[in-house]
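Quantities reported herein were computed from a predicted structural model and do not represent experimental measurements. Every chain is numbered from 1, with letters handed out A, B, ... down the list of sequences.
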Amino acid sequence: MAATPMNQLSALVNNMFATGLLDEQFQQLQMLQDASAPDFVSEVVTLFCDDGERIIGELTKLLEKSSVDFDRVDAFVHQLKGSSASVGAQKVKNTCIQFREFCQQKSRDGCLKTLDSVRTEFYDLRSKFQTLLQLERQIQGFYPK
Amino acid sequence: MAPDGAGECGGGCRRGKAAHAGAGAVAGFFVCLLVVWAIGGCGRLGCGRVAEEEAVAGQFNLSRSQLQELVSILSSSERECMANQVSYLPCISDTLCIGDKASGGKQNWLKDVILQEFCTVQDKYDRNSHTPALLENKFLQNIIKQSSPITQCNLGECDLYAGIKGLNVDQNIVSSSNHTRMFYLSALFGTIVISIVRTICKRGKQSNKLCQDEKLLQIPSAKISRKWSKRALLIGVVLGLFSSMCIFSSMYADVVVRRIENLANMCDERARMLQDQFNVSMNHVHALAILVSTFHHGKNPSAIDQKTFEDFTARTTFERPLMSGVAYALKVLHSERERFEQQHGWKIKKMEAGDQSHVHDYNPEKLEPSPIQDEYAPVIFSQETVKHIISVDMMSGKEDHDNILRSRATGKGALTSPFKLLKSNHLGVVLTFTVYKYDLPPNATPEERIHATLGYLGASFDVPSLVDKLLEQLASKQKILVKLYDTTNRTSPINMYGSDFTASGDLHRSYIDFGDPTRKHEMHCRFKHEPPLPWSAITISMAVAIIVLLVGQIIYATLNSLEEAEDNYRAMLELKGRAEAADVAKSQFLATVSHEIRTPMNGVLGMLQMLMDTELDTTQQDFVVTAQESGKALINLINEVLDLAKIESGRIELETVPFDVRDILDNVVSLFSEKSQAKGIELAVLVSDQVPDVLTGDPWRFRQIITNLVGNSMKFTERGHIFIQVHLVEELKRTKIVFDDISAQNREVTDNPDNTMPCNTLSGLEVADNWKSLENFRMFKFSNDAMDAINLVVTVEDTGIGITKDAQTRIFTPFMQADSSTSRTYGGTGIGLSITKCLVELMGGEIGFTSKPGVGSTFSFTAIFKENRRSPGDIKRYHSEPTPSDFQGMRALIIDGRCARAEITMYHVRRLGIWCDLAATSESAFSSLLEACNSSPNLVFVDKDVWGEGSGYGDCIRKPLRLSTIAACLRKALGIGVTRQNSRDQSLVLRSVLTGKQILVVDDNAVNRKVAAGALKKYGAIVTCVESGIDAIDMLKPPHTFDACFMDVQMPEMDGFEATRLIRAVEKKINDMIQTGELSAESYRNKANWHVPILAMTADVIQATFEGCMHCGMDGYVSKPFEELQLYSAVAHFLETNATDPSS
């Protein structure tokens, strides 16, 4: 059978699927990773994490202002939604959909509430992704191609 | 759709109602007019016609025959006026004509009368020219019947009329003008009613129009107009009631006038009679005076004594009906008194003036002798009735004294004022005539007369009894009260007759001349009873009022129903809006839900796929495969539901792009080839030569329709064939006769079950006759005029299980299968055909089918496309398989016993540019081969049925026939080698399609970009990424090396649509410039037509994106994140052209 990090990785991924953090899109990503693009998943995930962090920061700033520019908020949320859809971050994506609805209603309280949940979910996901990336690195370390 | 129809229907109903109301009102008006005219006119006819005729005859000196002539002259001009309407409404037309003609009022009275005469004549002719006399009778009876109420009213008066013999002419004119006036009033009223009705109708129409034009904007204005209509109605009703009151008052005045005239007539009549009788009596008294003068004074001795006088007067009393008695008094001077008294033996007695109370105990013996006077007038002779006054001196009574003096001075009869007569105590007058000695000339002076006086003849009139007697003779005595007055003294008239009655009402005075110019008498007449109620006036005016109210009620009800209808309409509209909104919401919901279901299903399928890659034993493998199959079926169903929802919510718009019909059909066949081979069904396509190569329309939807139909047929067919034919509608119309022949043959075969001869069809099995369903198509009935419209008829014929009769009605209803057992046996949801029907209707066509259970079904549909007029370069990219040109000019011999099948083979072979000959059997094939040695066919196609197995062909082509398969096979046989990959694996195909392709990915989101790029790279594409629309425009500015571009739709600054539009604009500009030679093609890589396929990437499939994509020049779309299948189908069409032939 596979080595421990491999098992850990699959357990982690399975857990993430089971808890609904991820959807099948992540599998697609994994399938896209092959010899021609060995670090594909980790690149995408890193990109997603950085992007997401930046967007959440921007959103926090925007929503702190007294007069909120909902169009800009909406644009950012849309971006985050796109990113999360691409990596298969299902929970974040769903919350983003909610977020956009509040944006369209121009409800600042709703936005702030959903921002909180987006943030929680995003950081939860990020920590899991970081673990995942670490494991990948370990695996690749064990089985250099 | 349905609510729209309901709205229109509502409008229609309203219009209908208004029209009904209008008609009702007009009819009511006519009825009113008719009633008024009939009653008024008949009154005139009944009472006044004879008089009128007489009057005309009298006044204008016309005889009846002359009148008739006049009528006939007039009739020639009037007839036209009549003729229009007589045949239907003779009475009304008459009325109208008279109404027109009588406009001059009194002046036209003559004409009126004539016309009326004419009317009778006309009536006569109108009704029946054969029996005029009879009908005239009827007509007269009718008139009499109608005029009966009036006759009843004046029942009492009628007797008088009889006595008087007719009415005054003037009176008639007045009454006729009265009727005319009434007629005008009613006409005026009618006009008002009509105008109101018309206004309402017009308004109704207007509002209807408004309803159709601008459904919601008109509501307030309609409300206001309705308010005004109601006000107008109120005014109209008030006016109508007013006019009815006018009618009443005018008629009432008429009645009153007539009553007064009546009274005057009666009174005058009585007065005249009284006067006549009086005069007769007076004349007789005069004669008596002459008698006395002749026989008493003229003879000596006198021939008359008291006895003679008594006798004579008693016997001639009938001559003096009014007189109670006569007496003769002699003129005696005082000087002659003694001699006179001695001669007669009695004293001259004085008349007791004051003692009237003892009249009955009157005894002349008790009377005082007359005091000494100059002159006496003692009565010497008297009638029996007044014998008691003999010897009484008449000069002693004051009244008599005056009278005697007056009489002898004038020589005429003199009357006393009324006083109580002696003895009878009745009120009476005394008439005195003087007897002269000799005849006096008429101009004798009073002195001469006094001198010549011999005596006086007195006659007493007992007035009350006289008048009573007179009135006894006249009828209707009870009806009026008569009073007689002596009005010599104007200030205090003396009542001569008649009790003090208090009867009120009209009084008529008639002057009576009793022959004494100094005395004046009057007769006063009154009606005894109150005037009866004027029933005719009340009836007519009530009728008018009722009609007015009825018409008002009708109009009011109409207005109300209009209002109600409009309210309903508005409510309906609202409901319709809600229903539509709900429908849209439903579709949206379906679409969303389907989309949401798809996502987890993809997860399931993906996991199953992954599971299959792991190590599984056979059973597990089987389970997983089954699960995956089910999943795929579910996804298919969801896609269909999504499709239906899209169609229903009207989101689907048809593309108009050029495409090749034959190519599409080959595509369909290739899709089903495996299945048909597995089932052993012959699948074939035949496209008529007349169908143009390239059409403009929506190829995807067209393909979807055919795929659905073929898929359906495939499902229910176990043996035989499925045959797709494409023809032009016009072509089929032309060959209808041929078609009929074929179906006739077919029928023959069906009728004869023992006949084992195969039918003339593809597989030789019987099929359902198709022409019946085709005949019902609109396109077959009406020709389409559009110039470049191509009307296609596609028929899909199968030899499957067929559809039972009762199931045929619901075959196109969503989720309905022929019967529930079918779905158990064959699976499926039954949604496919309803989608197909929607799509066909969307394409402007119709779908129909014919089916025979156990024989097969034939579905056919029509679709409208346009002939492509564009340059062929533009459509190249839609060709998935360009026609190979390797075989141009070759010849082939086709050997097939079944001509339907041979035709298909010929169709395909011809498409390769090969000339075809046909042979039915191998024997004839040999002969034709030998004959055709000169032309030397390059190829021989032989059907397996004809040849038998394995007799050494060059190669074997598997059916179904397709252009590419034939081409490939021929290439192989003829040694034209082309390398091809023979893999059906999509990812491999994708890889083959995408390998080495330059692809530009435009997305602002780094993660998306990365993923998209990764996915495309996996299939071997060379991916370049940019992050904004502006960068994309730069990159795609020709010349460039990109084969395709994937563009995110939603991007900041410039979205995908905008960017695409700009890119297309740039491309067009450059293409134009290359074409016009402003730019050399060399600098643009020898490409004359720059058009980079741009595919939209979107997460939102439903949101009208597809239409948007097409609209701004994109070529397709893929959902984000990529799905392999979708990516393949989207990419294949655009990139296949450049790839080596991937399928075959």
Plane angle bin for A:F129 and A:F26 - parallel if under 30°, tilted between 30 and 60°, otherwise perpendicular: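 Aromatic pair A:F26/A:F129 classed tilted.
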
Atom pair OG/CZ of A:S83 and A:F122 - distance to nearest 0.5 Å: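 Spacing of OG (A:S83) from CZ (A:F122) equals 9.0 Å.
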
In terms of heavy-atom proximity below 4.5 Å to chain B, should [X] be classed as side chain, backbone, both, or neither?
| X | answer |
| --- | --- |
| A:Q27 | side chain |
| A:L29 | side chain |
| A:D51 | side chain |

Salt-bridge present (A:K128, A:D124; N to O < 4.0 Å):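 Salt bridge flag = yes for A:D124 with A:K128.
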
Worked verdict on B:E1058 versus B:R1061 for salt bridge (Lys or Arg N to Asp or Glu O under 4.0 Å): CA-CA 5 Å; B:E1058 181 64 28; B:R1061 226 173 275 134; 3.3 Å; yes

